[in-house]
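Here the structure is laid out as structure tokens; the discussion comes afterwards.
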Amino acid sequence: MAKSDVIRLPWISALVLIVALLDGVLGGSHRGGNVTYDERSLIINGEHKLLFSGSIHYPRSTPDMWPSLIAKAKAGGIDVIQTYVFWNIHEPQEGTYDFSGGRDIVRFLKEVQAQGLYACLRIGPFIEAEWNYGGLPFWLHDIPGIVYRTDNEPFKLRMQNFTTKIVNMMKSEGLYASQGGPIILSQIENEYSTVEASFHEEGPLYVKWAANMAVSLQTGVPWIMCKQNDAPDPVINTCNGLKCGETFAGPNSPNKPSLWTENWTTYYQVFGGEPYVRSAEDIAFHVALFIAAKNGAFVNYYMYHGGTNFGRSAAAYMITGYYDQAPLDEYGLIREPKWSHFKELHAAVKLCTKPLLYGTKSNISLGIRQDAFVFKTESGECAAFLVNRGAKDVSVMFQKVTYQLPSNSISILPDCKIVAFNTKRVSVQYNTRTMKAVQKFDSSEKWQEFKEMIPSFDETTLRENMLLEQTNTTKDRSDYLWYTMRVQQDSPDSLQTLEVGSRAHVLHAFVNGVYAGSAHGAKNQPNFSLNNNITLRHGTNNISLLSVMVGLPDSGAYLERRVLGLRTVRIGGKDYSAQPWGYKVGLSGENSQIFLGSGSDDTQWSKFDNSSQPLTWYKTQFDAPPGDDPIALNLGSMGKGAVWVNGWGIGRYWVSFLTGKGEPSQKWYHVPRSFLKPTGNLLVIFEEETGNPVGITLDAVSITKT
Ligand SMILES: *[C@@H]1O[C@H](CO)[C@@H](O)[C@H](O)[C@H]1NC(C)=O
Ligand SMILES: *[C@@H]1O[C@H](CO)[C@@H](O)[C@H](O)[C@H]1NC(C)=O
Ligand SMILES: *[C@@H]1O[C@H](CO)[C@@H](O)[C@H](O)[C@H]1NC(C)=O
Ligand SMILES: *[C@@H]1O[C@H](CO)[C@@H](O)[C@H](O)[C@H]1NC(C)=O
Ligand SMILES: *[C@@H]1O[C@H](CO)[C@@H](O)[C@H](O)[C@H]1NC(C)=O
Ligand SMILES: *[C@@H]1O[C@H](CO)[C@@H](O)[C@H](O)[C@H]1NC(C)=O
Ligand SMILES: *[C@@H]1O[C@H](CO)[C@@H](O)[C@H](O)[C@H]1NC(C)=O
Ligand SMILES: *[C@@H]1O[C@H](CO)[C@@H](O)[C@H](O)[C@H]1NC(C)=O
Ligand SMILES: CC(=O)N[C@H]1CO[C@H](CO)[C@@H](O)[C@@H]1O
């Protein structure tokens, strides 16, 4: 029997305890200091640091959730909170800034500081992040001559302006570690290498410009560029990926440390896609491998808490819940065994800090697929990582002792003798999440409805003899754009084919105000078509096509040139693309802000008639459920649309887009407690399809150990 098996359990508890105690004693010592680096690690106040970091994005939760999310990260052994800065929520119009409420990044960072943690600020300001337009404000699109993310003056001017604005704000609040604040790193650009080649010789020029621009802002803390192997000195190139312990080519200069800015705890999920579940064991293996094999000194979990893409903030096809499989789930509840397994991993690695950061490394082959990485200081402190990359459990001999190594696992020996942790051995209890309906909306008298107008050509004012590009027409003020036209039919009523080619995401067709079919694309299918038979009447017919975007794209080169919306329309084989088209941006319910329930809205609500017609608004009221469990709307009875509670955008839902297994990608939609009043909360839903709101429930979310 392996020695390690006998000793492990009490030993790890003791370790956790010691680390917890140390943390208590040293708590608050995470304060400020000048930040530099060498080839081994970041150096804060002259001290080398081995840091665990977790991504928590402030706009994906609410300010009243921030303290507990940060506290749970800290309790899980996280040292650094990493967030992007979301340009498009802060500068909705050029030169107009908003840092209020959930946009209060300073408040978020001060909470990080108050809990004694560091922060890594990824300014970008292009961030991708499965966020609408990759974080770029849409007004950039209208700047003459602009080309995003390359050596282009109009873009560089705006990028520099916003980056400077953020850096100055951080400085004036004293938030850089060099000023005694929490921020130890900031990031410029984001995974630029994935588009760099598209910009030819201008790509590398832009990288140099971005690095110089950032460095000239003199934050007193290092800048990083992730996935950017040519990051110019002194900017540190960092790794993003699932397996940086295997894939990272390493720092691009001998004096830079090995930092992993995105170790994906799961993968984003799209409508129509299955959740991606990455096991705690697999993540722990790659974290330990990065530390041992790549001299990793900073590991960030992307995401530690994913949260919610409220309102219209998600990028194309992204579901509203974000990285629900992270150690803290969408609702901020602890997900086991991930959270505790990582906590134990962090504690074990921290016990190796001295040999890791100040020792010399050697590796010893223990078998064909087994290696030991051994770190020793001059004074004799020793830590070892025993790696089994093989698919079989094996026993290996290390320093005359036999160790059992489960398949694909790493054992951590903080004293080179006793196994404190093995990435494969999960000792913590699993938990499961329960959704319990606490309120039903099954009484049809309590619902009211409003059928969205189907505009005809005559009712439009914006006219063009062509099919307009969708986003340049909506300016991203709405997901919805109506394309309308008239078709003259001289012969008697007849069946005709309607063929529409689209580069938007969803299409609903109406002929003479009557629903005539829908079609949609998918994340990996940028265009789609609708092919239906329609009945044309003798005389003039009104064709009204509602083209829908489910978020703007967030990645790729030349984002400003994307052509989205309808591309071709044929009826009875005849091409109508260059006919006179009339346009209407947005829904009438959106334009009157029907979801605010304010007096200024003159919407004529009527009794719920249970007719399940497409394009219907529904509203009702509800009281907040007692207790403080998180709550979510179960929209399993609905099709596709959007939800608001007391005017807050809960997000887009798309329950009818089933996964390969025939399930909705997301059925529950988080309603943060802070959006609620005790009684009389206004719930407004816009349903594009034929969903029935009578089947909706409000569920309390809780976790139980299993
Ligand atoms: C950082 O370094 C500067 C200049 O060397 C020094 O004035 C300042 O006090 C240092 N800051 C901290 C927090 O140690
Ligand atoms: C950004 O541009 C605005 C004008 O749009 C200007 O007033 C402001 O000073 C600029 N800010 C920075 C930090 O360059
Ligand atoms: C062990 O070290 C040698 C020499 O530095 C190196 O070539 C080899 O790749 C290392 N092995 C592993 C598994 O990292
Ligand atoms: C966008 O729309 C404006 C009119 O609002 C037009 O002048 C411009 O050419 C359009 N740009 C593109 C790229 O379609
Ligand atoms: C087409 O729309 C116009 C203007 O709204 C309306 O007067 C007309 O009756 C509609 N035609 C049909 C066939 O519905
Ligand atoms: C999508 O576009 C490509 C070329 O741009 C075309 O070949 C293909 O048929 C289109 N697919 C659909 C479903 O419209
Ligand atoms: C349209 O009508 C034709 C002829 O009746 C039929 O063959 C075809 O299947 C129909 N297409 C659709 C999409 O219903
Ligand atoms: C609503 O309509 C559905 C069928 O469309 C029916 O099953 C249900 O009983 C109706 N509910 C009410 C309250 O009328
Ligand atoms: C750098 C790296 O590890 N990238 C990988 C991240 O994960 C995706 C999806 O599994 C892979 O395709 C990448 O190669």
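Indexing begins at 1, ligand by ligand and atom by atom, following the structure's order.
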Open item on the list: Using a 4.0 Å heavy-atom cut-off, which part of Glu459 comes near ligand 5: side chain, backbone, both, or neither?
Closed with: side chain
Open item on the list: With ring pair (Phe, Tyr, Trp, His ring centres under 6.0 Å) as the rule and sequence neighbours excluded, what pairs involving residues 566-591 come up?
Closed with: Tyr483-Tyr583
Task: Cysteine SG atoms at Cys239 and Cys226 closer than 2.5 Å - done: no
Open item on the list: Within the 4.0 Å heavy-atom shell around Asn363, which atoms of ligand 3 are there?
Closed with: 1 (C), 2 (O), 3 (C), 8 (C), 10 (C), 11 (N), 12 (C), 14 (O)
Task: Gap between atom CG of Asn527 and atom CG of Leu564 - 0.5 Å precision - done: 11.0 Å
Task: Asp575: partners by salt bridge (Lys or Arg N to Asp or Glu O under 4.0 Å), with sequence neighbours left out - done: none
Task: Side-chain heavy atoms of Thr484 within contact of Ile543, under 4.5 Å - done: no
Open item on the list: Below 3.5 Å, N or O to N or O, backbone or side chain included: is there any such pair between Ser456 and ligand 5?
Closed with: yes
Open item on the list: Just to check, does Thr540 reach to within less than 4.0 Å of ligand 5 when the distance is taken from its heavy atoms?
Closed with: yes
Open item on the list: Taking the cut-offs as 6.0 angstrom to the six-membered ring centre and 45 degrees off its axis, would you call Arg561 and Tyr148 a cation-pi pair?
Closed with: no
Open item on the list: Check this for me: does any side-chain nitrogen of one of Asp282 and Lys424 sit under 4.0 Å from a carboxylate oxygen of the other?
Closed with: no
Please produce the table of protein N or O atoms sitting under 3.5 Å from N or O atoms belonging to ligand 4, one pair a line, distance to 0.1 Å.
residue, atom, partner, partner atom, Å
ligand 4, 2 (O), Asn472, OD1, 3.4
ligand 4, 2 (O), Asn472, ND2, 2.3
ligand 4, 11 (N), Asn472, ND2, 2.9
ligand 4, 14 (O), Asn472, ND2, 3.2

Task: Salt-bridge criterion met for Glu189 and Arg149 (N-O under 4.0 Å) - done: yes
Task: Listed once per pair and sorted, the disulfide bond (SG atoms under 2.5 Å apart) pairs that draw on residues 536-580, sequence neighbours left out - done: none
Open item on the list: Can you name the atoms of ligand 5, numbered from 1 with element, that are less than 4.0 Å from a heavy atom of Arg537?
Closed with: 13 (C)
TODO: Check ligand 3 against Asp371 and write out every atom of the ligand that is under 4.0 Å from a heavy-atom position of the residue.
DONE: 13 (C)
Task: Where ligand 3 meets Phe373 - atom numbers and elements under 4.0 angstrom, heavy-atom basis - done: 13 (C), 14 (O)
Open item on the list: salt bridge (charged side-chain N to carboxylate O under 4.0 Å, His left out) for Arg389 and Asp371? Distances and angles first, verdict last.
Closed with: CA-CA 8 Å; Arg389 301 172 207 255; Asp371 300 286; 3.5 Å; yes
- [ ] Please state which part of Arg389 comes within less than 4.0 Å of ligand 3, counting heavy atoms only: side chain, backbone, both or neither.
- [x] side chain
